[in-house]
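Okay, structure first, notes after.
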Amino acid sequence: MHVRRPLMAVTGLALTALLAGCAGDDLAAENDEPASGSGGGEGTSVVIGSQSFDEAALVTAMYQQVLEAEGYEVETRLVDTRPVYLNEMPDAVQIAPEYVAGIVDQLNTDANGPDAEPLSTSDAQETIDAGASLLEEKGITLLEPSEAFSANGYFASQEFSDAEGVTKLSDLEGQAVTLAAAPDCKGRTDCEKGLVDTYGIDVTLEPLGYASTETFQAVLDGEAQLGQTSTLDGTLEDQGLLLLEDDLGIQPAQNLVPAVSSDFLADNPDVEGLLNNLMAVLDNDTLGELLVSVQIDREQPADVAQEFLESEGLL
């Protein structure tokens, strides 16, 4: 496999209703096979698998619209956690909007067990290179990473921060806290394991979801002291929540990157340029502004995606 070099959160809404063709977690039950394509996209079926939090849903809408504009028949499936759709790649799911360290470390864990030393670093290309053999074995090609970088963030209530003097994660060293987060947080060095091993926090995990309504409410109600969201989450201040500084740096290179079935890409080579062009126009400032439209202004992800893509000449 040739791994290409780079060109250079939340409300917890049920966004599956906003994007066409979304299904539940049981992707295998449908067992779709994409139609064979000639590379032009006309009438070729493709399934995009992604997670259901706002940021992922917004970027999925961008993928969908860029591909549909070229004649692809796109189905999107938003689920709660990465392993659900990753287990169906590269056959029933052909494309996933991914994060560099997230997919590489997940494949490493799948291949070598939960105690495997993470392959990710703070450098996107180093991480891709480290995972090259796992990606090739899985039949997945990573395209060009974006400058946009979205890592796990951990927040507390402003009330808790003021009362305990907590503004950064190291302020919690030696304390016992409940963390409301995604189920796959357990054992991850950028999540539960990193908080325990690097920061010395005694963590009890409540698997309430990534940036879900339940996660936000648990922190606001004091049932959890920490909650998990994206570092680009623009809703925290309005909710009376505070993103804590990751002052010891447990977050690896989480650049946005398209993950594509290698076989599908070989049959449809135009997909590479379409998705690379999208990655090239995304950066943190841009993505953060777009997320405000979804999370604060309550605009639909598909509408925000369309307006942005049109403004960039991608539609």
Side-chain angles (χ1 to χ4, degrees), residues 1-8 49-51 55-56 59 81-91 93-153 181-182 184-199 210 228 230-232 246 248-266 271-272 275-276 278-280 282-284 287:
M1 180 195 75
H2 176 60
V3 179
R4 296 160 179 83
R5 301 197 66 82
L7 296 173
M8 34 136 261
S50 186
Q51 296 180 72
E55 180 183 304
V59 177
T81 60
R82 172 179 287 110
V84 175
Y85 64 79
L86 192 57
N87 286 341
E88 302 306 319
M89 291 187 76
D91 299 320
V93 173
Q94 295 81 48
I95 297 177
E98 263 296 350
Y99 300 85
V100 169
I103 187 170
V104 168
D105 284 338
Q106 184 67 57
L107 290 175
N108 184 36
T109 297
D110 291 345
N112 300 308
D115 295 328
E117 190 69 23
L119 298 178
S120 60
T121 71
S122 59
D123 182 87
Q125 190 59 46
E126 285 182 0
T127 301
I128 292 172
D129 291 344
S133 61
L134 293 171
L135 288 160
E136 182 174 15
E137 182 178 351
K138 180 68 173 175
I140 292 176
T141 296
L142 296 186
L143 302 183
E144 303 288 357
S146 170
E147 290 185 6
F149 178 104
S150 176
N152 286 330
D184 63 358
C185 171
K186 186 172 180 60
R188 288 176 51 167
T189 57
D190 62 347
C191 201
E192 180 252 6
K193 181 176 173 60
L195 294 173
V196 173
D197 293 350
T198 301
Y199 282 104
Y210 183 93
Q228 181 191 36
S230 163
T231 51
L232 294 179
D246 176 24
L248 298 184
I250 63 173
Q251 298 305 316
Q254 295 287 23
N255 301 69
L256 276 66
V257 65
V260 185
S261 159
S262 301
D263 288 343
F264 181 82
L265 190 61
V271 167
E272 179 173 3
L275 296 182
N276 281 348
L278 171 58
M279 292 297 99
L282 285 176
D283 56 31
N284 275 4
L287 188 55

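We use all heavy atoms of the structure for the numbers below, so side chains are in, but hydrogens, waters and symmetry mates are not.
With rounding to the nearest 0.5 Å, the separation of CD in Glu147 from CG in Asp283 is 6.0 Å. The CZ atom of Arg188 lies 11.5 Å from the CG atom of Leu195; values are rounded to the nearest 0.5 Å. Between atom CG of residue Asp263 and atom CG of residue Asp91 there is a gap of 8.0 Å, rounded to the nearest 0.5 Å. Expressed to the nearest 0.5 Å, how far CD of Glu98 lies from CD of Gln51 amounts to 7.0 Å. Atom CD of residue Gln228 and atom SG of residue Cys185 lie 5.0 Å apart, to the nearest 0.5 angstrom. Between the CD atom in Gln254 and the CG atom in Asn152 there is a gap of 6.5 Å [rounded to 0.5 Å].
In this structure, Gln106 and Leu86 have side chains that are in contact, with non-hydrogen atoms separated by less than 4.5 Å. Side-chain contact between Val93 and Asn87 is absent, with no heavy-atom pair separated by less than 4.5 Å. The closest side-chain heavy-atom distance from Ile95 to Ser261 is not below 4.5 Å. Taking the side chain as every heavy atom from C-beta outward, Thr189 and Pro118 approach each other to under 4.5 Å. Using a 4.5 Å cut-off on side-chain heavy atoms (C-beta onward), Leu135 and Thr141 make no contact. Between Lys186 and Cys191 the shortest side-chain heavy-atom distance does not fall below 4.5 Å. Side-chain contact between Val260 and Ile140 is absent, with no heavy-atom pair separated by less than 4.5 Å. The shortest side-chain heavy-atom distance between Val257 and Tyr99 does not fall under the 4.5 Å cut-off.
Panel note: side chain Tyr199, backbone Leu248; a donor-acceptor pair is recorded below 3.5 Å. Here the side chain of Lys138 pairs a donor or acceptor atom with the backbone of Met89 at under 3.5 angstrom. In this structure, the side chain of Thr231 engages the main chain of Ala151 through a donor-acceptor pair within 3.5 Å. In this structure, Glu272 contributes its side chain and Leu143 its backbone to no donor-acceptor pair below 3.5 Å. Here the side chain of Ser262 pairs a donor or acceptor atom with the backbone of Gly139 at under 3.5 angstrom.
When the salt bridge (Lys or Arg N to Asp or Glu O under 4.0 Å) test is applied to Lys193, the partners found at least two apart in sequence or on another chain are Asp197. Qualifying salt bridge (Lys or Arg N to Asp or Glu O under 4.0 Å) partners for Asp246, counting only residues two or more places apart in sequence or in other chains: none.
For the residue pair Gln125 and Asp123, the shortest heavy atom distance occurs at N-OD2, 3.1 Å. Residue Pro114 comes nearest to Thr109 through the heavy atom pair CA-CG2, 3.8 Å, listed as atom of the first residue, atom of the second, then distance. In plain terms, the two heavy atoms of Ala148 and Leu287 that are nearest each other are CB-CD2, 4.3 Å. Heavy atoms only, all atoms of each residue included: Ala253 and Thr127 are closest at CB-OG1, 4.4 Å. Annotation for Val104 and Gly131: closest pair CG1-CA, 3.9 Å, computed over non-hydrogen atoms. Residues Tyr85 and Ala96 share a closest heavy-atom pair of CE1-CB, 3.7 Å.
Of the residues Leu256, Ile128, Asn276, the one that meets the side chain to side chain contact (heavy atoms under 4.5 Å, CB included) test with Pro145 is Ile128. Just one residue in the list Asn112, Asp105, Asp110 forms a side-chain hydrogen bond (donor to acceptor under 3.5 Å, both in side chains) with Asn108, and that residue is Asn112.
In this structure, a donor-acceptor pair under 3.5 Å is present between the side chains of Ser230 and Ser150. Judged purely by distance below 3.5 Å, without hydrogens or angles, the side chains of Glu126 and Thr121 pair a donor atom with an acceptor atom. Using modelled atom types and a 3.5 Å distance limit, the side chains of Ser146 and Asn255 yield no donor-acceptor pair. No side-chain N or O of Glu55 forms a donor-acceptor pair with one of Tyr210 less than 3.5 Å apart.
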In sequence, state the C-alpha distance, the side-chain angles, and the governing distance for Leu119 and Leu134, and then conclude on side chain to side chain contact (heavy atoms under 4.5 Å, CB included).
-> CA-CA 11 Å; Leu119 298 178; Leu134 293 171; 3.7 Å; yes
